[in-house]
Structure formats: structure tokens, C-alpha cells
Asks: 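Here you go, one structure.
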Amino acid sequence: MYNPDYISASTGYAEGYRAGKQYTLLELQSKLSEAALNSRANDDEFRYENLVLMLSEVDQIINKMLEDT
């Protein structure tokens with residue numbers, strides 16, 4: 001049978017999940033960009049597309065985000 005409450009709840013859950021995923025990815029992107037800009041490996045680099053990150057820096061950022069949850 002058609003249950004409007006079920007559809008409303010499932011739609012709300014899907015929208016909340018999508019918003020949470022988008023927020024998390026934007027936060028990760030911001031933190032990675034900040035780390036790249038502050039990395040000593042990029043001291044002499046001025047072009048954004050040439051910035052590099054060490055894998056250890058990426059791991060640290062992700063682990064910190066996981067700890068905060």
C-alpha cells in the first residue's frame with residue numbers, strides 16, 4: 001500500500017544523507033587545499049594546479065576528521 005509518511009521519511013533521509021556527504025567532501029577539499037598551501041614542499045610553487053601533498057598529510061587530515069565524528 002501507498003504510505004505517504006514512509007515516502008516522506010525516506011525522501012528526508014536521502015536528502016540528509018546527500019547533504020551530509022556533500023558537506024564532508026567540501027570540508028575535506030578545504031582541508032586538503034589548506035594543507036597543500038601550507039606544505040613546505042610547495043614553498044617555491046605558485047601555480048595551484050602544481051601543488052603537491054604527501055600521502056601522510058592526507059592520512060592525518062582524514063584521521064582527524066574521523067576522530068571528530
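Any value given below was found using the heavy atoms of this structure, including those in side chains, with hydrogens, waters and symmetry copies removed. In this text the structure is predicted, and so the values were computed from the model without any measurement.
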Asks: So, using salt bridge (charged side-chain N to carboxylate O under 4.0 Å, His left out) as the criterion, who are the partners of Glu49 when residues are at least two apart?
Replies: Arg47
Asks: Go through the structure and list residues passing side chain to side chain donor-acceptor pair (under 3.5 Å) with Ser33, not counting sequence neighbours.
Replies: Tyr48
Asks: What salt bridge (charged side-chain N to carboxylate O under 4.0 Å, His left out) pairs are there with at least one residue in residues 52-62, not counting sequence neighbours?
Replies: none
Asks: Taking transitive links into account, so neighbours of neighbours count too, which hydrophobic residues share a cluster with Leu25 at under 4.5 Å side-chain distance?
Replies: none
Asks: The criterion is side chain to side chain donor-acceptor pair (under 3.5 Å); which residues satisfy it with Asn38, sequence neighbours excluded?
Replies: none
Asks: Can you confirm whether Met54 is buried at CE, in the sense that more than 12 heavy atoms of other residues, nucleotides or ligands lie under 6.0 Å from that atom?
Replies: no
Asks: Excluding sequence neighbours, so at least two apart, what forms salt bridge (charged side-chain N to carboxylate O under 4.0 Å, His left out) with Asp43?
Replies: none
Asks: Does Asn42 form a side chain to side chain contact (heavy atoms under 4.5 Å, CB included) with Val52? I'd like the steps, not just the answer.
Replies: CA-CA 7 Å; Asn42 298 313; Val52 297; 3.3 Å; yes
Asks: Mind checking what makes side-chain contact (heavy atoms from CB on, under 4.5 Å) contact with Ile62, not counting sequence neighbours?
Replies: Leu28, Val58, Leu66
Asks: Taking side-chain hydrogen bond (donor to acceptor under 3.5 Å, both in side chains) as the cut-off, I'd like each qualifying pair that reaches into residues 16-31, sequence neighbours left out, listed once.
Replies: none
Asks: Between OG of Ser39 and CG of Leu53, what distance do you get to the nearest 0.5 Å?
Replies: 6.5 Å
Asks: So how far is it from Leu55 CG to Gln60 CD, rounded to the nearest 0.5 Å?
Replies: 10.0 Å
Asks: Name all residues meeting the side-chain contact (heavy atoms from CB on, under 4.5 Å) criterion together with Phe46; count only those two or more places apart in sequence or in a different chain, and write none if there are none.
Replies: none
